[in-house]
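Everything below concerns the one structure shown next.
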Amino acid sequence: AVPFLAAGVFYRHGAMPSAIALMLGSAVFVALGVNYAVAHGFDAPWADLVFAYVATPLALAIVGLVGRFRWHESHAVN
């Protein structure tokens with residue numbers, strides 16, 4: 001949670017480097033979570049299940065929302 005909190009603080013200003021770092025960090029988190037879920041299924045401790053089946057979709061949502069925001073911001077007509 002700490003890397004996402006730090007990224008959220010730095011992303012508050014909407015800078016491109018922090019958006020890229022947040023998206024890359026979230027993408028790595030998603031890759032790890034999907035890999036864990038495929039390898040272990042539901043046969044894991046509850047904390048690992050929360051990581052794989054709750055936190056992974058949330059990290060994927062972060063990637064999508066930040067990417068969508070950056071896309072619309074870069075194509076906005078001023």
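In this chain, numbering begins with 1 at the start of the sequence shown.
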* To do: Would you check, one step at a time, whether the test ring pair (Phe, Tyr, Trp, His ring centres under 6.0 Å) holds for Tyr36 with Tyr53?
  => CA-CA 10 Å; Tyr36 188 88; Tyr53 295 104; 8.5 Å; no

Review point. Between Phe51 and Phe29, is any pair of side-chain heavy atoms under 4.5 Å apart?
Key: yes

Scanning both residues in full, the closest heavy-atom pair of Val63 with Ser26 reads CG2-CB, 3.3 Å

Is there a chain of hydrophobic side chains (I, L, V, M, F, W, Y, each step under 4.5 Å between heavy atoms) that links Val54 to Trp46? yes

What one should report as the nearest heavy-atom pair of Gly33 and Ala52 is O-CB, 4.1 Å

Of all heavy-atom pairs linking Met23 and Val66, the shortest is CG-CG1, 3.7 Å

Per side chain to side chain contact (heavy atoms under 4.5 Å, CB included), Val30 is matched among Val34, Val28, Leu32 by Val34

